[in-house]
Amino acid sequence: MEIVFILVSFLASVIGAICGIGGGVIIKPVLDAFGLYSVSTISFMSGCIVLSMTTYSVVKSKLAKDSVIEKGVSTWLGIGAAAGGLLGKQLFDMVKALFENSDTVGAVQAIALFVITLGTAIYTVNKEKMHTLRVKNPVGCVLIGLALGVMSSFLGIGGGPINLVVLYYFFSMETKVAAQNSLYIILFSQLVSTVFTVVSGRVPEFPVVLFLCMVCCGILGGAAGRKINKKIDSNTVSKLFLGLMVVIMGICIWNFIRFL
């Protein structure tokens, strides 16, 4: 079973680096479906894997001088997402406390992720018909980032597909540009969220050797995803992204039923 977890981490990071979704949106629901560890443990492990992959991807793009990150906009989004990540952690703890069985919060996460993924898929199919905006106001960027951070932290997915929709609609970014900027924003929010978890002493128990292997695979997956992203066009990235949304929705339905 450990081999499956390691493969999921690698493949999710490959796809995450290609599409700009971080990989947590795949890792979290897939590992939840196995039911081997608590919701809190899976959320923490998934977040750390996403952090390792996004750190590698962003730093590598910078060093390779092929970065298309719009720092003015995305830095403000990242700051908002970092603050939202902390609020999302608090929200997760509040919802978790409402249930006698703490893992029942997994059902709430599953249905919330399903709704967000469905909305994302619908927008992706129709995005060519949509009028887009070009938000540049720092306050507006921070508020949008705040909302992204709350959702991603509560769901334990690091960033996810909603980032791309926001970058498409509010900032009129092309697919590959949105993918890089999404990873940059995820790096902000996931770094702050992980540091907060460690500093506040809320790190759940987890299998250390498996965790380290998964983190390493997250970095390797990020490296492979970067190379693949350079070789395919934006239309192919969009098709891969849409197919992924369908798979995630199916897993969310399974997890919702299982947790209930």
Side-chain angles (χ1 to χ4, degrees), residues 1 4-5 8-9 12 16 21-51 80-121 145-163 186 189-207 210-211 214-215 218 244-245 247-260:
M1 189 59 67
V4 174
F5 276 46
V8 168
S9 300
I21 58 174
V25 71
I26 306 169
I27 297 169
K28 175 65 168 62
V30 170
L31 298 192
D32 274 343
F34 285 97
L36 294 181
Y37 300 104
S38 70
V39 171
S40 297
T41 297
I42 294 300
S43 292
F44 178 76
M45 293 172 68
S46 173
C48 289
I49 295 163
V50 170
L51 177 60
L86 297 180
L87 292 176
K89 286 283 185 185
Q90 300 300 318
L91 179 61
F92 176 83
D93 290 339
M94 288 171 58
V95 174
K96 183 178 177 181
L98 294 175
F99 303 103
E100 185 175 341
N101 180 357
S102 61
D103 275 0
T104 305
V105 71
V108 178
Q109 288 179 314
I111 196 64
L113 182 57
F114 176 87
V115 172
I116 289 172
T117 305
L118 177 61
T120 299
L146 185 72
L148 288 175
V150 170
M151 286 187 287
S152 64
S153 181
F154 172 74
L155 295 173
I157 59 175
I162 189 65
N163 280 23
I186 292 170
S189 61
Q190 198 57 57
L191 177 61
V192 172
S193 179
T194 302
V195 170
F196 176 77
T197 300
V198 173
V199 171
S200 62
R202 299 184 181 184
V203 178
E205 292 185 8
F206 58 87
L210 176 60
F211 170 75
M214 292 171 71
V215 168
L244 181 63
M245 295 305 96
V247 173
I248 291 171
M249 284 189 285
I251 296 172
C252 285
I253 292 173
W254 166 258
N255 283 336
F256 178 71
I257 296 171
R258 189 177 69 81
F259 280 121
L260 283 183

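Heavy-atom basis, side chains included; hydrogens, waters and symmetry copies ignored.
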Test item: Met151 and Ile162 side chains (from C-beta on) under 4.5 Å apart, heavy atoms:
yes
- Within the distance-only criterion (no hydrogens, no angle test), does the side chain of Asn255 pair as donor or acceptor with the backbone N or O of Ala110 below 3.5 angstrom? no
Distance col, row Ile248:CD1 vs Ile116:CD1, nearest 0.5 angstrom, shows 11.5 Å
Side chains of Thr117 and Thr120: any donor to acceptor distance under 3.5 Å? no
Closest non-hydrogen atoms of Val50 and Gly24, given as atom of the first, atom of the second and distance, are CG2-N, 3.3 Å
Could you check whether any side-chain heavy atom of Ile111 comes within less than 4.5 Å of a side-chain heavy atom of Phe259, counting everything from C-beta outward?
no
Interatomic distance, CD1@Ile49 vs CZ@Phe44, rounded to 0.5 Å, equals 10.5 Å
All heavy atoms of Gly84 vs all of Ser153, minimum pair found to be O-CB, 4.4 Å
| said: Do Leu87 and Leu91 have side chains that approach each other closer than 4.5 Å (heavy atoms only, starting at C-beta)? | reply: no
In this structure, CD1 of Ile42 is separated from CD of Gln109 (nearest 0.5 Å) by 11.0 Å
Check whether any side-chain heavy atom of Leu51 lies under 4.5 Å from a side-chain heavy atom of Ile186, and answer yes or no. no
(Q) Just so I know, are the side chains of Pro161 and Val25 near enough to count as touching, which here means a heavy-atom distance under 4.5 Å? (A) yes
Using only atom types and a distance under 3.5 Å, with no angle test, would you say the side chain of Thr41 pairs donor to acceptor with the backbone of Glu205? yes
Ignoring hydrogens and angles, tell me if any N or O in the side chain of Ser189 forms a donor-acceptor pair with the backbone of Ala81 under 3.5 Å. no
_Walk me through whether Val105 and Phe92 qualify under side-chain contact (heavy atoms from CB on, under 4.5 Å)._
CA-CA 8 Å; Val105 71; Phe92 176 83; 3.9 Å; yes
Separation between CG (Asp32) and OG (Ser46), nearest 0.5 Å, reads 8.5 Å
Closest non-hydrogen contact found for Met249 with Ala121 is CE-CB, 4.4 Å
Q.
With heavy-atom distances below 4.5 Å as the criterion, would you say the side chains of Phe196 and Gln90 are in contact?
A. yes
Rounded to the nearest 0.5 Å, the CZ atom of Phe5 sits from the CG atom of Leu210 at a distance of 7.0 Å
Is a side-chain N or O of Ser152 found less than 3.5 angstrom from the main chain of Leu148, in a donor-acceptor match?
-> yes
Please tabulate, for the side chains in residues 93-101, all donor-acceptor contacts under 3.5 angstrom to protein atoms that are two or more places apart in sequence or on a different chain.
{"residue": "Asp93", "atom": "OD2", "partner": "Arg202", "partner atom": "NH1", "Å": "2.4"}
{"residue": "Lys96", "atom": "NZ", "partner": "Ser40", "partner atom": "OG", "Å": "2.8"}
{"residue": "Asn101", "atom": "OD1", "partner": "Asp103", "partner atom": "N", "Å": "3.1"}

Rounding to 0.5 Å, atoms OG (Ser43) and CG (Leu155) come to a distance of 9.0 Å
task: Report yes if the side chains of Val39 and Lys28 come closer than 4.5 Å at any heavy-atom pair, otherwise no.
output: yes
Heavy-atom nearest pair, Ala107 first then Phe256, reads O-CD1, 3.4 Å
- Heavy-atom check, side chain of Phe211 versus side chain of Cys48, under 4.5 Å: yes
_Audit row: Val150, Lys89, side-chain contact (heavy atoms from CB on, under 4.5 Å) steps and yes/no_ = CA-CA 8 Å; Val150 170; Lys89 286 283 185 185; over 6 Å; no
